[in-house]
Number of protein chains: 2
Amino acid sequence: MTQIVDALAALAQETRLKAYRLLVEAGPEGLPAGRIGEALQLPPATLSFHLAHLSRAGLVKSRQEGRFVLYSADFPTMNQLVGYLTENCCRGSSCAPTAKGVRNEALPRARRRA
Amino acid sequence: MTQIVDALAALAQETRLKAYRLLVEAGPEGLPAGRIGEALQLPPATLSFHLAHLSRAGLVKSRQEGRFVLYSADFPTMNQLVGYLTENCCRGSSCAPTAKGVRNEALPRARRRA
DNA sequence: GCGTCATTTCCATTATTCTGGAAATATGGA
DNA sequence: TCCATATTTCCAGAATAATGGAAATGACGC
């Protein structure tokens, strides 16, 4: 649960959410830190602070490449997060209100989206 | 995006996440505030603060019933949140790294969970 | 080794959030 | 009306997070 709270906190900040989204867009290759700071117009210290935050939460990985540090989204962690929310905060696959322990499959005549 | 950040921030706190989970468990009927405070061992002011936070973020609704205020999870909001994360932070339905704009359906021989 | 560029660490400041006691407000019953 | 109970608001103190300048570290080429 601490992990989940940490991941949520990491994303619950506009700058970090934007940075994370950039990294998602960039795919597994990732981006050099500097390019993120450039896109987001952040002074280096601030950028580093936020990237470290995302990193602590396990949402991004980093690797050195030449003189650059490449950051990339850690998809499995996001997968876990979405999984947790779906499992524990939605009672089933689409956040429809269901009876205790009952999955959407068992919902009585509830319209389900594709 | 502000809405998303607000929802994330609301859940990014252990007490509130616990409270929210209780409400999810309780289903659409919801729970009186006092019962949540009891379950979580919170002084009234603290409880009220956190419930108000969840409420501002749109994650819970409240209604007066007799002398009680019943709180309940707002499932559509959580649905939106999960939807946003899946759409914008996962590149497809299961957070698998995919090429830009490509959905999981198009992933080359990627193992998919049921 | 030296200069350059990329990134991080250090540090102080400011801003925001969390906490909970005490008082206020609301509701229903006697 | 008065009392008991439920919840919120008010307030202040404590804790945590965000910001960014300046200096330190690291990596590369010469």
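By convention in this document, chain letters (A, B, ...) are assigned in the order of the sequence lines, proteins followed by strands, and residues within each chain are numbered from 1.
Distance, Arg16(B) CZ to dT17(C) P: 9 Å, rounded to whole Å. In this structure, CG of Leu11(A) is placed 15 Å from P of dA17(D), rounded to the nearest angstrom. Rounded to a whole Å, the CG atom of Leu47(A) is 15 Å from the C1' atom of dC5(C). Across the protein-nucleic acid pair, Glu65(A) atom CD and dC28(D) atom P stand 10 Å apart, rounded to whole Å. Counting to the nearest Å, the C1' atom of dT17(C) and the CD atom of Glu14(B) are 16 Å from each other. Atom pair Gln41(B):CD and dC18(C):P shows a separation of 20 Å (rounding to whole Å applied). The distance from atom CZ of Arg63(A) to atom P of dT8(C) is 14 Å, rounded to the nearest whole Å. Atom CZ of Phe68(B) and atom C1' of dT8(D) are 16 Å apart (whole Å).
Checked by atom type and distance alone, the side chain of Gln13(B) pairs as donor or acceptor with a backbone atom of Arg16(B) at under 3.5 Å. No donor-acceptor distance shorter than 3.5 angstrom exists from the side chain of Ser62(B) to the backbone of Leu70(B), with no hydrogens or angles considered. Panel note: side chain Asn79(A), backbone Phe75(A); no donor-acceptor pair is recorded below 3.5 Å.
The phosphate of dA6(C) (OP1 or OP2) has no side-chain N or O of Tyr71(A) nearer than 4.0 angstrom. Contact between the side-chain N/O atoms of Gln13(A) and the OP1/OP2 oxygens of dT17(C) is not found at any separation under 4.0 Å. The side chain of Thr46(A) contributes no N or O atom lying less than 4.0 Å from OP1 or OP2 of dA18(D). A sub-4.0 Å separation between OP1 or OP2 of dT19(D) and a side-chain N or O of His50(A) is present.
Comparing atom distances between the Pro43(A) side chain and each of dT9(D), dA6(D), dG21(D) picks out dG21(D) as nearest.
Between the side chain of Arg67(B) and the base of dT7(D), no donor-acceptor pair of N or O atoms lies under 3.5 Å.
Residue Pro44(A) is classed as a base contact, given a heavy-atom separation below 4.0 Å to a base. Within 4.0 Å of Gly37(B), counting heavy atoms only, lies no atom of the nucleic acid at all. Among the heavy atoms of the strands lying under 4.0 Å from Phe49(A) is at least one base atom, whether or not backbone atoms are also near. Within the nucleic acid shown, Ala45(B) comes within 4.0 Å of at least one base atom, counting heavy atoms only.
Arg21(B) and Glu87(A) are not joined by a salt bridge, as no carboxylate oxygen comes within less than 4.0 angstrom of a charged side-chain nitrogen. With respect to the salt-bridge test (charged N to carboxylate O, under 4.0 angstrom), the residues Lys18(A) and Glu14(A) qualify.
Between His53(A) and Gln64(A), the residue anchored nearer the 5' end of DNA chain D, judged by the nucleotide with its closest heavy atom, is His53(A).
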